[in-house]
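Worksheet: one structure, shown below.
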Amino acid sequence: MDKAAVILKKGEGRAVKAGGMWIFDNEIDRVSGYFENGDMIEVHDFDGYFMGYGFINMNSRIRVRLMSRKKENPVTEELIESRVKAAWDYRKQVVDTSCCRLIFGEADFLPGIVIDKFSDVLVVESLALGIDKLKPVILDKLKKTLSEDGVQIRGIYERSDAKVRESEGLERWKGFIGDPFDTRVKITENGIKYIVDVEEGQKTGFFLDQKNNRAAIRKICRGKKVLDCFTHTGSFALNAGMAGAASVLGIDSSVTGIRQAEENARLNCLEDKVKFECADVFDLLPELEKKGEKFDVVILDPPAFTKSRSSVKNAVKGYREINMRGLKLVNEGGFLATCSCSHFMEPELFAKTIKEAAKSAHKRLRQMEFHTQAPDHPILWAADESYYLKFYIFQVIDEK
């Protein structure tokens, strides 16, 4: 073996052999040859069988992230360009590309990096050391690919400030890549205008993964009284308002988010019927219940209550509580839209938790729709980390 190589223990690497892209530290027997963290190395099974090329980081529990499975396809600039082109070609077929996720990490075979497009601005989030080293090449190839289709990029902003970078031995960082520009970017999604703050907004500035789910709630909101919990910058609330809701109340604990939501309401001339309040949802829902408040539609879009397997039990309590409280506020025959964006809250567990919440609230649920994330966040089978968003719409019926 000429290059540095990871050799797996006998019987390990089952996830990778099934199509996954991560190799954990406890699956490795040894590493041969010289390397530096972030370098591209070969991966071999215990018997020497070649399994792929990936970048290594001894600081991370995810010791290797695979980039290529074929011996004849080492990781070159040409390979990266082909991955970027394939990602763009896919998006052109499945979503409105004026604002969308262009690169979704493992699902686009570029593990550890996401790149969002907001109008003529790109926002990049790099979460792994090896992909950090490849980031300039990826961005260069992406700008080239877009320009060949007549799409010119005004600027790039990096939002690599997630805590998970620390487990890779990386500093959290955000800032301009290239010349600075106005970081408040106007976009249109589902016919609704938003100001996206790519510098100060959550994650990359806007949650593109809920695009189709926001559209899905429109059919149940016309003429209705709607409560949107964890509204962030008002996206579900504004979709309800645009659909003809009689009134909409959006709740979020972030003052910055509420101010942005109010600005977005004005931008769409919806400020008269879409209102926002800064409050803790867990505190407010019991208060609304005590006052006898009822809504025709309640929307629950909370942040991830768990980002690791070790905290799943506490997350279950949070999801059960918030769904039980939300269900108690829904009028007979009304609707609950509820979701989880945590990868570790597995679909079966989330469904079980909602069922328990309905039992506690003495409600029966009739499932109307189930969705996952928008298609610009594709789910790569065998790469479980790419499947995270679960979204239900239920009709809520009193126990009979």
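Predicted model, so just to flag it, every value in this text is computed and none were measured.
- Distance alone, capped at 3.5 Å, places no donor-acceptor pair between the Asp140 side chain and the Pro136 backbone.
- Between Asp120 and Gln152, the side chains place no donor N or O within less than 3.5 Å of an acceptor N or O (distance only, hydrogens not considered).
- Using a 4.0 Å cut-off between a side-chain N of Lys or Arg and a carboxylate O of Asp or Glu, Asp45 and Lys17 qualify as a salt bridge.
- Phe350 and Met368 are not part of a single hydrophobic cluster, where members link through side-chain heavy atoms under 4.5 Å apart.
- A distance of 3.5 Å separates OG1 of Thr204 from CG of Asp116, quoted to the nearest 0.5 Å.
- In this structure, Leu238 and Leu270 approach most closely via the heavy-atom pair O-CD1, 3.7 Å.
- The existence of a salt bridge linking Glu158 and Lys135 is confirmed by a sub-4.0 Å separation between a basic side-chain nitrogen and an acidic carboxylate oxygen.
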Derivation and outcome, salt bridge (Lys or Arg N to Asp or Glu O under 4.0 Å), residues Glu171 and Arg165 = CA-CA 6 Å; Glu171 292 183 357; Arg165 276 175 64 94; over 6 Å; no

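- In terms of modelled atom types and a separation under 3.5 Å, the side chain of Thr188 and the main chain of Lys193 share no donor-acceptor contact.
- Results of the side-chain contact (heavy atoms from CB on, under 4.5 Å) test with Leu208 over His377, Lys203, Gln373 single out His377 as the only residue that passes.
- No hydrogens or angles considered: a donor-acceptor pair under 3.5 Å links the side chains of Asp132 and Ser126.
- Judged by distance alone, the side chain of Glu27 and the main-chain N or O of Phe24 form a donor-acceptor pair under 3.5 Å.
- The backbone N or O of Gly334 sits nowhere less than 3.5 Å from a side-chain atom of Asn331 that would complete a donor-acceptor pair.
- For the pair Asn213 and Thr372, the tightest heavy-atom approach, listed with the atom from each and the gap, is ND2-O, 3.4 Å.
- Remark: the backbone N or O of Lys219 is not paired with any side-chain donor or acceptor of Arg222 at under 3.5 angstrom.
- In this structure, the side chain of Ser147 engages the main chain of Lys144 through a donor-acceptor pair within 3.5 Å.
- Here the CD1-CD distance, from Ile80 to Glu78, works out to 9.0 Å after rounding to the nearest 0.5 Å.
- Scanning all heavy atoms of the two residues, the minimum distance from Ala107 to Pro378 falls at CB-O, 3.2 Å.
- Within the model, atoms NZ of Lys224 and CG of Asp296 stand 6.0 Å from one another, a figure rounded to the nearest 0.5 Å.
- Using a 4.0 Å cut-off between charged nitrogen and carboxylate oxygen, Lys363 and Asp398 count as a salt-bridge pair.
- Side-chain contact, Tyr388 with Asp209: a donor N or O sits under 3.5 Å from an acceptor N or O.
- Interatomic distance, CD1 of Ile156 versus CD1 of Ile177, reported as 6.0 Å (0.5 Å rounding).
- Using modelled atom types, one side-chain atom of Lys117 and one backbone atom of Ser98 make a donor-acceptor pair closer than 3.5 Å.
- With 3.5 Å as the limit, one finds a donor-acceptor pair spanning the side chains of Tyr34 and Glu36.
- Using a distance-only test at 3.5 Å, with no hydrogens or angles considered, a donor-acceptor pair links the side chain of Asn264 to the main chain of Thr233.
- A donor atom on one side chain and an acceptor atom on the other are not found under 3.5 Å apart for Ser253 and Asp280.
- Two different hydrophobic clusters hold Ile299 and Tyr319 under the rule that ILVMFWY side chains link at heavy-atom gaps under 4.5 Å.
- Scanning all heavy atoms of the two residues, the minimum distance from Leu349 to Thr353 falls at O-OG1, 2.8 Å.
- Counting only distance, with no hydrogens or angles, the side chain of Asp108 and the backbone of Leu110 share no donor-acceptor pair below 3.5 Å.
- In this structure, CZ on Arg61 lies 6.0 Å from CG on Asn26, to the nearest 0.5 angstrom.
- The residues Lys290 and Glu287 are annotated as not salt-bridged, no charged nitrogen and carboxylate oxygen being separated by less than 4.0 angstrom.
- For the residue pair Phe335 and Val396, the shortest heavy atom distance occurs at C-CG2, 4.3 Å.
- Checking Glu125 against Ser160 by side-chain atom types alone, no donor-acceptor pair falls below 3.5 Å.
- Considering every non-hydrogen atom in both Gln210 and Cys339, the closest pair reads NE2-SG, 3.4 Å.
- Counting only N and O atoms by type, the side chains of Arg91 and Thr97 include no donor and acceptor under 3.5 Å apart.
- A salt bridge between Lys211 and Asp96 is absent, with no side-chain N of the basic residue lying under 4.0 Å from a carboxylate O of the acidic one.
- Note: Tyr392 and Phe394 have parallel aromatic rings, judged against thresholds of 30 and 60 degrees for the angle between ring planes.
- Between Arg214 and Glu189, at least one side-chain nitrogen of the basic residue sits less than 4.0 Å from a carboxylate oxygen of the acidic one, meeting the salt-bridge criterion.
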task = Go through the steps to decide whether Glu42 and Lys3 satisfy the test salt bridge (Lys or Arg N to Asp or Glu O under 4.0 Å), and finish with yes or no.
result = CA-CA 7 Å; Glu42 294 184 358; Lys3 294 184 177 180; 5.1 Å; no

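- Rounded to the nearest 0.5 Å, atoms CD1 (Ile41) and CZ (Arg63) are 11.0 Å apart.
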Run the side-chain donor-acceptor check on residues 240-252: report pairs under 3.5 Å with partners two or more places apart or on a different chain.
{"unit_1": "Asp252", "atom_1": "OD1", "unit_2": "Ser254", "atom_2": "N", "d": "2.9"}
{"unit_1": "Asp252", "atom_1": "OD2", "unit_2": "Thr231", "atom_2": "N", "d": "3.4"}
{"unit_1": "Asp252", "atom_1": "OD2", "unit_2": "His232", "atom_2": "N", "d": "2.9"}

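- If you run salt bridge (Lys or Arg N to Asp or Glu O under 4.0 Å) between Glu293 and each of Arg325, Lys328, Lys225, only Lys225 comes through.
- A salt bridge does not link Glu346 with Lys390: every distance from a Lys NZ or Arg NE/NH1/NH2 to an Asp or Glu carboxylate oxygen is 4.0 Å or more.
- Contact check on Arg65 versus Glu168 returns a salt bridge, with a Lys/Arg side-chain nitrogen under 4.0 Å from an Asp/Glu carboxylate oxygen.
- A salt bridge does not link Asp29 with Lys10: none of the charged nitrogens is closer than 4.0 Å to a carboxylate oxygen.
- Ring-centre distance between Phe370 and Phe391: not below the 6.0 Å cut-off.
- Between Arg159 and Asp161, at least one side-chain N (NZ, or NE/NH1/NH2) sits under 4.0 Å from a carboxylate O, which counts as a salt bridge.
- Residues Met21 and Ile62 are members of one and the same hydrophobic cluster, defined by side-chain heavy-atom contacts under 4.5 angstrom among Ile, Leu, Val, Met, Phe, Trp and Tyr.
- When the ring-ring contact (aromatic ring centres under 6.0 Å, His included) test is applied to Tyr194, the partners found at least two apart in sequence or on another chain are Phe206.
- A salt bridge does not link Glu332 with Lys294: every distance from a Lys NZ or Arg NE/NH1/NH2 to an Asp or Glu carboxylate oxygen is 4.0 Å or more.
- Between Glu199 and Arg184 no salt bridge is recorded (no basic side-chain N to carboxylate O distance below 4.0 Å).
- The salt bridge (Lys or Arg N to Asp or Glu O under 4.0 Å) check on Arg69 picks up nothing, with sequence neighbours excluded.
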